[in-house]
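Single-structure report; data block below.
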2 protein chains.
Amino acid sequence: MTAIEQTEARPRGTRLPRRARRNQLLGAAQEVFVAQGYHAAAMDDIAERAGVSKPVLYQHFPGKLELYLALLDQHCEALVQAVRAALASTTDNKKRVEATMHAYFAYVEDEGGAFRLVFESDLTNEPAVRERVDKVALDCAEAISEVIAEDTGLAKEQSMLLAVGLGGVSQVVARYWLSSGSPIPRDQAVQLLTSLAWRGIAGFPLHGAEGQH
Amino acid sequence: MTAIEQTEARPRGTRLPRRARRNQLLGAAQEVFVAQGYHAAAMDDIAERAGVSKPVLYQHFPGKLELYLALLDQHCEALVQAVRAALASTTDNKKRVEATMHAYFAYVEDEGGAFRLVFESDLTNEPAVRERVDKVALDCAEAISEVIAEDTGLAKEQSMLLAVGLGGVSQVVARYWLSSGSPIPRDQAVQLLTSLAWRGIAGFPLHGAEGQH
DNA sequence: AAGCCGTGGAGGTCAAGATCGGCGTGCAGA
DNA sequence: TCTGCACGCCGATCTTGACCTCCACGGCTT
């Protein structure tokens, strides 16, 4: 049914050093949070998934929120780094677009679904979460907008709007592509999106002879 | 502090006909859900906001979830209609893009923040909610993709990907524009976005003499 | 004036986050 | 090798908070 089958639930008896236990708990928590969301995920579920009793969880994390935030921080940083790296990987702007798209797709596809914590969190009303999620989008957009502003001379507000748009396309389409079962190969999807972002929708070939104004 | 001040809490004594009471409850529920999200919103809050006691609420709606879904359905339909209308408003594709962007911005700006129920719901793990939210994005994308497919001859998968992208930009940027306090006028933002979608990022004027390949 | 129907406040239930005392295991030292 | 200690772990429980119903009251109809 809605069973979680990612990693085997450990036989409840192994003793682990503190650091290793903490990492294992983070892994178990990620699986449960990703699969069920924050609210539906119970501390009992996470403990059971890790093959551990609940008090152990509370010996490593003060509470459910802090556990969630620890995971969130971890994965927020990853995306911003990937986008920065993509932008710095070349000076050809078209390739920059392509590399950035690629970064979003890779981020969404990998990491055991961790992107859900950032893009589909159900705890955005919690200020601490909202702040982190907003900061990711903002940091990515600022990195992109710097390039735009430098190359086009647009003011900060305008270039930020475009940058948010480019980041938004990547994020939304990557999630759609994944959730619809990857109907077309990833590279082809990236190519298509890059064309859209680079040349616009007007840049696609016309079927009929209809004038586009 | 975080007070809700949209409509005055009615003096607790007015008798209303059933239909009017229901609408009033929907209004109160919308304010609370928008301001606090689904989970943080208590039925007590909604009842108090409407100037009514809790049993009345349960005489109109079976439970919290159904109340939420009623609101959601209401506003989902509104966006899809607006997008369809925008696409049908002209046959000039560039104007179609502009009209669609405009529809998203108007949707996000108006309706007392109801767009949050659709775009920022904290109940996406509930299948009934997920289904409706996904369907909105899908319906909008299909409407857009039909135009794309017809005019470019692209296959269904490809045109859907582009359509999801165009809808995604609109939605993400409109929300950013609103949440950042509308730093530039709405019409200008729409123009900028339309340019991005129509001609691509390469269509913006160069600042320096640097070649764009 | 008498009855009825909708309203109001107080309470039950239950799930889930958070916690307390006890147990077993492995190591240090004599 | 035997004893004591420290550490990690567990079963069982407490408590909070939110959704959801039961006994009194007041205005409208005939």
Side-chain angles (χ1 to χ4, degrees), chain A residues 2 4 9-33 35-72 121-123 125-126 128-129, chain B residues 2 4 9-26 28-29 31-33 35-71 122-123 125-126 128-129:
Chain A
T2 59
I4 312 165
R10 305 274 176 155
R12 297 185 70 124
T14 58
R15 277 167 83 105
L16 262 61
R18 199 171 165 77
R19 183 66 54 89
R21 179 64 82 192
R22 183 189 151 95
N23 286 336
Q24 190 224 354
L25 292 178
L26 281 171
Q30 175 171 332
E31 289 172 25
V32 176
F33 280 137
Q36 310 191 219
Y38 180 85
H39 294 287
M43 291 298 262
D44 304 71
D45 298 343
I46 298 171
E48 188 185 8
R49 175 122 221 75
V52 148
S53 77
K54 241 188 317 181
V56 186
L57 216 46
Y58 284 94
Q59 283 161 7
H60 286 264
F61 302 94
K64 192 183 181 185
L65 178 62
E66 287 80 8
L67 175 54
Y68 189 79
L69 289 178
L71 281 170
L72 199 59
S121 176
D122 58 345
L123 196 64
N125 298 288
E126 174 64 36
V129 173
Chain B
T2 60
I4 311 165
R10 305 272 174 158
R12 305 184 68 125
T14 58
R15 279 168 82 104
L16 262 61
R18 193 169 171 81
R19 184 65 54 89
R21 178 66 81 190
R22 183 189 151 96
N23 286 336
Q24 190 222 354
L25 292 178
L26 281 171
E31 289 172 25
V32 176
F33 280 138
Q36 310 190 222
Y38 180 85
H39 290 103
M43 290 298 263
D44 305 71
D45 297 343
I46 297 172
E48 187 186 9
R49 175 121 220 78
V52 151
S53 77
K54 255 186 300 181
V56 190
L57 211 50
Y58 285 96
Q59 283 162 6
H60 286 264
F61 302 95
K64 192 184 181 184
L65 178 62
E66 287 79 8
L67 175 55
Y68 189 79
L69 289 178
L71 280 170
D122 58 343
L123 195 64
N125 298 287
E126 174 63 37
V129 173

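Reckoned from all heavy atoms, side chains included, excluding hydrogens, waters and symmetry mates.
One can place CG of B/Leu57 at 14 Å from C1' of C/dG8, the figure rounded to the nearest angstrom. Computed from coordinates, the B/Gln36 CD to D/dA18 C1' distance equals 13 Å when rounded to whole Å. Rounding to whole angstrom units, CG of residue A/Leu16 and C1' of C/dG26 are separated by 15 Å. Atom-to-atom, CZ of A/Phe33 to P of C/dA16 comes out at 13 Å; the value is rounded to the nearest Å. Spacing between atom NE2 of B/His39 and atom P of D/dA18 amounts to 12 Å, rounded to whole angstrom units. Distance B/Lys54 NZ to C/dG12 P: 14 Å, rounded to the nearest Å. Atom P of nucleotide D/dG8 and atom CZ of A/Arg19 are separated by 12 Å, given to the nearest angstrom. For the pair B/Met43 CE and C/dG12 P, the interatomic distance rounds to 21 Å; values are reported in whole Å.
Taking NZ of A/Lys54 as the reference point, atom CD1 of A/Ile46 lies at 11.0 Å (rounded to 0.5 Å).
Distance from the side chain of A/Val56 is smallest to D/dC9 among C/dA16, D/dT21, D/dC9.
No side-chain heavy atom of B/Asp122 sits less than 4.5 Å from a side-chain heavy atom of A/Leu123. Residues B/Leu69 and B/Glu126 form no side-chain contact, since every pair of their non-hydrogen atoms from C-beta on lies 4.5 Å or further apart. Considering only heavy atoms from C-beta on, B/Phe33 comes within 4.5 Å of B/Leu67 through its side chain.
Contact check of residues 61-69 of chain A against DNA chain C (heavy atom, cut-off under 4.0 Å) returns A/Gly63, A/Lys64.
Remark: A/Arg22 engages A/Leu26, A/His60, A/Phe61 in a side chain to side chain contact (heavy atoms under 4.5 Å, CB included) (not counting sequence neighbours). Residues passing the side-chain hydrogen bond (donor to acceptor under 3.5 Å, both in side chains) test with A/Asn23: none are found, sequence neighbours excluded. Residues passing the side chain to side chain contact (heavy atoms under 4.5 Å, CB included) test with B/Ala40 are B/Gln36, sequence neighbours excluded. Residues passing the side-chain hydrogen bond (donor to acceptor under 3.5 Å, both in side chains) test with A/Tyr68 are A/Ser121, sequence neighbours excluded.
At C/dA18, one or more side-chain N or O atoms of A/Tyr58 fall inside 4.0 Å of OP1 or OP2 (strictly under the cut-off). Remark: A/Arg21 is in phosphate contact with D/dC9, judged by side-chain N or O atoms under 4.0 Å from OP1 or OP2.
Each end of the helix from C/dA1-D/dT30 to C/dA30-D/dT1 yields a helix axis from five base pairs, and these two axes differ in direction by 0° (to the nearest 10 degrees).
Taking the nucleotide of DNA chain C with the nearest heavy atom to each of A/Asp44 and A/Gln59, the more 5' of the two is matched to A/Asp44.
A donor-acceptor contact under 3.5 Å links the side chain of A/Arg15 to the base of D/dC7.
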Derivation of the side-chain contact (heavy atoms from CB on, under 4.5 Å) call for B/Leu57 and B/Leu25: CA-CA 7 Å; B/Leu57 211 50; B/Leu25 292 178; 3.6 Å; yes
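Among the heavy atoms of the strands lying under 4.0 Å from A/Ala41 are primed sugar atoms or P, OP1, OP2 only; no base atom is included. Heavy atoms of A/Pro17 sit nowhere under 4.0 angstrom from any nucleic acid atom.
Across every non-hydrogen atom of B/Arg49 and B/Ala28, the tightest pair is CG-CB, 3.8 Å.
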